[in-house]
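The structure displayed is predicted, hence computed values, not measured ones.
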Amino acid sequence: MEELKFEELGLCPEILKAVKHMGFEEASPIQSKAIPVLMSGRDVIGQAQTGTGKTAAFGIPLLEKIDPKNKKLQAVVLCPTRELAIQVAEEIRNLAKYMHGIKILPIYGGQEIVKQIRSLKSGTQLIIGTPGRVMDHMRRKTIKMEQVHTIVLDEADEMLNMGFREDIETILEGVPKDRQTVLFSATMPKAIMEITKQFQKNAKLVKVTKKELTVPNIEQFYYEVKPKNKEEVLSRLLDIYTPKLSVVFCNTKKQVDILVNALLGRGYFAAGLHGDMKQAQRDRVMQGFRSGKTDILVCTDVAARGIDVDDVEAVFNYDLPQDDEYYVHRIGRTGRAGRIGKSFSFISGREVYKLKEIQRYCKTKIYAQKVPSLDDVANTKMENILEEIDRLIEKEDLTKFLQAIETRVNDSDYTAMDMAAAFLKLYSGKNNDEEQDMDFGDTGAEEAGMVRLFINIGKKNRAKPGDIVGAIAGESGIPGKLIGTIDMFDKYTFVEVPREYARDVLNAMKHAKIKGKSVAVEPANQK
C-alpha cells in the first residue's frame, strides 16, 4: 500500500498542524492502513513493531474521537512499562498540542498514587497507564469507566510476557461493552488471539511486516569511541569521507545544540533540527540543507521524520538509538535513489550488546572500524587534493600559472618538484616542521597523537567552546577542525591539540585574549 499524506486522512486542522510541527510529511505504512479503519469505529488488531509510528496510528483517531467539553474519562491506553506509558503520553500530547481542553495523564506504579488521584479528580479524558496501576485505581473508584468509548492495548504481547493477562481481562470486563477495542502487538501468539476473540467484535487485522524496514545499498560501520572523543572522531570521519550531505543523529535536543555549536566552531557548515524549533525555523534549516548551503544536519529522531533528501551520502549515529527500528529509519536517510550510502555508529562500553541486537533485527552486518588517526586524515586530504589537481590538469587552461612557475624555477635553486611539494603542503594546511616533541608527560586522558592543554578561563567567564577554538585557530593559524576534545569547567578548560602543533599553540597563545581576558595556556599535566 502506498503511504498517504496526512491531508488525505480527513483529520481536523488542529491535528494536521501538530503533525506538521512534529516534522511528519507523510503517514507511515501502519498509519496509512490503521487510521482510516480506526476512524470508522471498527475494532482493530495492529501487527507492528515499535518505531513504525504506531503511537500516532492509534493516538490520532483517539484524539479525533474525544469530546473536550466532556471532562469525564473517555479513552484508556494500556502499556507494559512506565517508560512506554510516559513516551506514549508525550507523543499524544504533542499530537494534541493545538487542541484545547484535552487532558492526557500517564499513570504507573512507582509514582505517588495520591498525586495521581488529585490529577484524575480535576478531569482527565485520556489516561495512558500500566495494567497494575489502572486496576488499582478502578478498585479505589478513582477511575470510572462508564463513559470510556475506546481502549487500546499497546505492545500486548509484551504485557502478556510480563504476566498481565488477568489484569488486562479484569480491565476489559470493567469497560462498557459498546466500546472500540484496539490491540497492537509485534507478534501474534495464541494468548493474544484468545483475547481478541473474547473482547473484540469483527476486528480488522492491519499488518506492517518487517519487510518494509529493509536497508539496501548502505555500507554500515561502527567505531568504539569514548563519549568525550565523539566530536573529534566525527570531525575526522567528515574530513576523510567528505560526504556531500550528511545527517547526524543525537538522542536529545540538548546534544543537538551542543554538537551544532561545536561543529560550527570547527569550521563546518552545520545546522540543527529538533522538536523545540518553530516550524518556520525548521523550514529554513531544511531549505538550507536541500540547497547545499548546510552540509551537515544534526537532529533528533522526531525532527528527522520530515527529511526527504536524495543526496544524503552519510548518516552518523552520534548516539545509538533506543529502538532497533529507529536505527533502520535513521540509516534509511541515505542510499536513496539507487545510490550507495554509508552509515557510521559510535558506541561505547555495553552498547556493543545493543549493536548486536540491531544487527539481529536488521539481518545485516555492521563492520567494526579503527578510528582514523590524524595522519590518516592528512593523507586523505592530500589524496583529495591530488585528485582535484588531476581534474584541473585535464580540464583547465594552466598556461598563465605554468609561466609563473617556470620564471620562479629559473630564478631560484628550486625544482618544479620542490614547488609542487610546497604547494601541496600549503594547500593541505599541515605544518610538519621537524621539531622536538615537547615533554607533555602522560596525562592519562588525551587521545593518541593529541596533547592536552590547560587554559585558565571557563564557563564562569561566559566562555564557550567556539571561543576557545576561535582563539587557538586565530592566534596559531592551525585549522579549527584539527582541534580535539574541549572539556570546559567553571574556571578553566582542557583542550586537545595535535602533538605536532603544541609548541606553535603555546607560543601563539602567550599574548592571547579570550572574552577580553588575558589567558595562560600550559601543558595540562603541570596542573
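- Expressed to the nearest 0.5 Å, how far CG of Asp154 lies from CD of Gln87 amounts to 9.0 Å.
- We find that Lys253 and Asp257 are not joined by a salt bridge, their nearest charged nitrogen and carboxylate oxygen being 4.0 Å or further apart.
- Ion pairing between a basic and an acidic side chain is recognised when a charged N comes within 4.0 Å of a carboxylate O; Lys97 and Glu14 show no such pairing.
- Remark: Lys103 engages no residue in a salt bridge (Lys or Arg N to Asp or Glu O under 4.0 Å) (not counting sequence neighbours).
- The distance from atom OG of Ser345 to atom CG of Leu355, rounded to the nearest 0.5 Å, is 6.0 Å.
- Salt bridge present: Glu155 and Lys54 bring a charged side-chain N and a carboxylate O closer than 4.0 Å.
- At least one test fails for Lys230 against the ring of Phe346: distance under 6.0 Å to the centre or angle within 45° of the axis.
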Report, one line per pair, each donor and acceptor closer than 3.5 Å where one atom sits in a side chain of residues 35-44; sequence neighbours left out.
from, atom 1, to, atom 2, distance (Å)
Ser40, OG, Val37, O, 2.5
Arg42, NE, Asn202, O, 3.4
Arg42, NH2, Asn202, O, 3.2
Asp43, OD1, Thr181, N, 2.9
Asp43, OD2, Lys201, N, 2.8

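- For the residue pair His149/Gln180, the side-chain donor-acceptor check at 3.5 Å is not satisfied.
- Atom CD1 of Ile117 and atom OG1 of Thr142 lie 5.0 Å apart (nearest 0.5 Å).
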message: Assess the residue pair Thr334 and Glu313 against the criterion (side chain to side chain donor-acceptor pair (under 3.5 Å)); give the C-alpha distance rounded to whole Å, side-chain angles, the decisive distance to 0.1 Å, and a yes or no.
response: CA-CA 6 Å; Thr334 183; Glu313 289 179 4; over 6 Å; no

Working for salt bridge (Lys or Arg N to Asp or Glu O under 4.0 Å), residues Glu357 and Lys354: CA-CA 5 Å; Glu357 203 181 285; Lys354 179 78 191 150; 3.3 Å; yes

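- With hydrogens and angles ignored, the 3.5 Å screen pairs a side-chain donor or acceptor of Arg282 with a backbone N or O of His274.
- Under 4.0 Å is where a charged nitrogen must lie from a carboxylate oxygen, and between Arg266 and Glu232 at least one such pair does.
- Taken from OG in Ser348 to OH in Tyr223, the straight-line distance is 16.0 Å, to the nearest 0.5 Å.
- Taking the ring axis of Phe494 as reference, the NZ or CZ atom of Arg452 stays within 45° of it and closer than 6.0 Å to the ring centre.
- Nearest heavy-atom pair across Ser235 and Tyr268 is O-OH, 3.1 Å.
- Residues satisfying the ring-ring contact (aromatic ring centres under 6.0 Å, His included) test with Tyr367, not counting sequence neighbours, are none.
- For the residue pair Arg133 / Gln116, a side-chain donor-acceptor distance below 3.5 Å is found, with atom types taken as modelled.
- Residues Tyr222 and Phe344 place their aromatic rings such that the two centres sit no closer than 6.0 Å.
- Of the possible polar contacts, one joining the Lys144 side chain to the Lys141 backbone as a donor-acceptor pair under 3.5 Å is found.
- Arg165 and Glu194 are joined by a salt bridge, as a carboxylate oxygen and a charged side-chain nitrogen come within less than 4.0 angstrom of each other.
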